[in-house]
Amino acid sequence: MLKIVVCVSGGGTNLQAIIDGIAQGSVFHTEIVRVICNNPGAGALERAKTAGIEGVCVSPKDYGDRDAFEAALVRAVEEADPDLVVLAGFLVKVPVELIRKYENRIINIHPSLIPSFCGTGYYGLRVHEAALARGVKITGATVHFVDEGMDTGPIIMQKAVEVHDDDTPKTLQKRVMEEAEWVILPWCINLIAAGQVKIENGRVSVTE
Ligand code: GAR
């Protein structure tokens, strides 16, 4: 059984896709042992509660400084003792300590085809605003392992999505979620749970 902790900041639709994948049997041998959220008002915490999953809020507002917040975040993960940490719309820079302790065991979903529209400042709707401003015709989503850079870790899976002429950032975000994010994030977790994902020299391969 792959024990996962899912870290979230907002509405939690990617969390929901994982919950549904487990419930419907498209994600095997996986258990969400804890949801960690940095934002007490996030809809994602409600989704965890509804699914009967422990939700823990670690908000920077409850800590005197960044170091104390990061230490609490690391503790919240370690207490749950996961095999894999999934960043599903977690808009916090992950503490380096956590990245080092969980090397090749943290994955992230990003709403573009990395290396486009990623890195510092590119998150949520901003990614889609930038894609539309550049006039790209294809965008998509990427699941990757998390290293110490921003969106620079080894790519596990990507899925392309068409941009329409009349798209707004919101309509594009919705299509990228529906056609790509909610598909590839649960899929990657299932592959990892099945032991089919290998990393060698910074490259990922998926075995049969
Ligand atoms: C998702 O689109 C996710 O890819 C993005 O935030 C959104 C969260 O939505 N993440 C990033 O931009 C990370 N750089 P959700 O809370 O409904 O899953």
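In listed order, ligands and their atoms are each counted from 1.
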Ligand 1 to [X] polar contact by distance, N or O atoms, under 3.5 Å:
{"X": "Gly10", "answer": "no"}
{"X": "His110", "answer": "yes"}
{"X": "Glu181", "answer": "yes"}

So if I count the atoms of ligand 1 from 1 in the order they appear, which ones are less than 4.0 Å from some heavy atom of [X]?
{"X": "Tyr123", "value": "12 (O), 14 (N)"}
{"X": "Met177", "value": "1 (C), 2 (O), 9 (O), 17 (O)"}
{"X": "Tyr122", "value": "14 (N)"}
{"X": "Gly89", "value": "6 (O), 8 (C), 10 (N)"}
{"X": "Gly124", "value": "11 (C), 12 (O)"}

Test applied, side chain to side chain donor-acceptor pair (under 3.5 Å); reference residue, Asp167; option that passes from Gln173, Arg175, Lys174: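 Single side chain to side chain donor-acceptor pair (under 3.5 Å) partner of Asp167 among Gln173, Arg175, Lys174: Arg175.
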Step-by-step side chain to side chain donor-acceptor pair (under 3.5 Å) determination, Thr142 to Gln158: CA-CA 4 Å; Thr142 302; Gln158 297 186 294; 2.8 Å; yes
Audit row: Asn39, Ser9, side chain to side chain donor-acceptor pair (under 3.5 Å) steps and yes/no: CA-CA 6 Å; Asn39 168 12; Ser9 298; over 6 Å; no
Closest approach of any protein heavy atom to atom 11 (C) of ligand 1, naming residue and atom: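 The closest heavy atom on the protein side is Pro111 CD, 3.6 Å.
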The one among Asn14, Thr13, Val143 that brings a heavy atom closest to atom 17 (O) of ligand 1: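 Heavy atom nearest to atom 17 (O) of ligand 1 belongs to Thr13.
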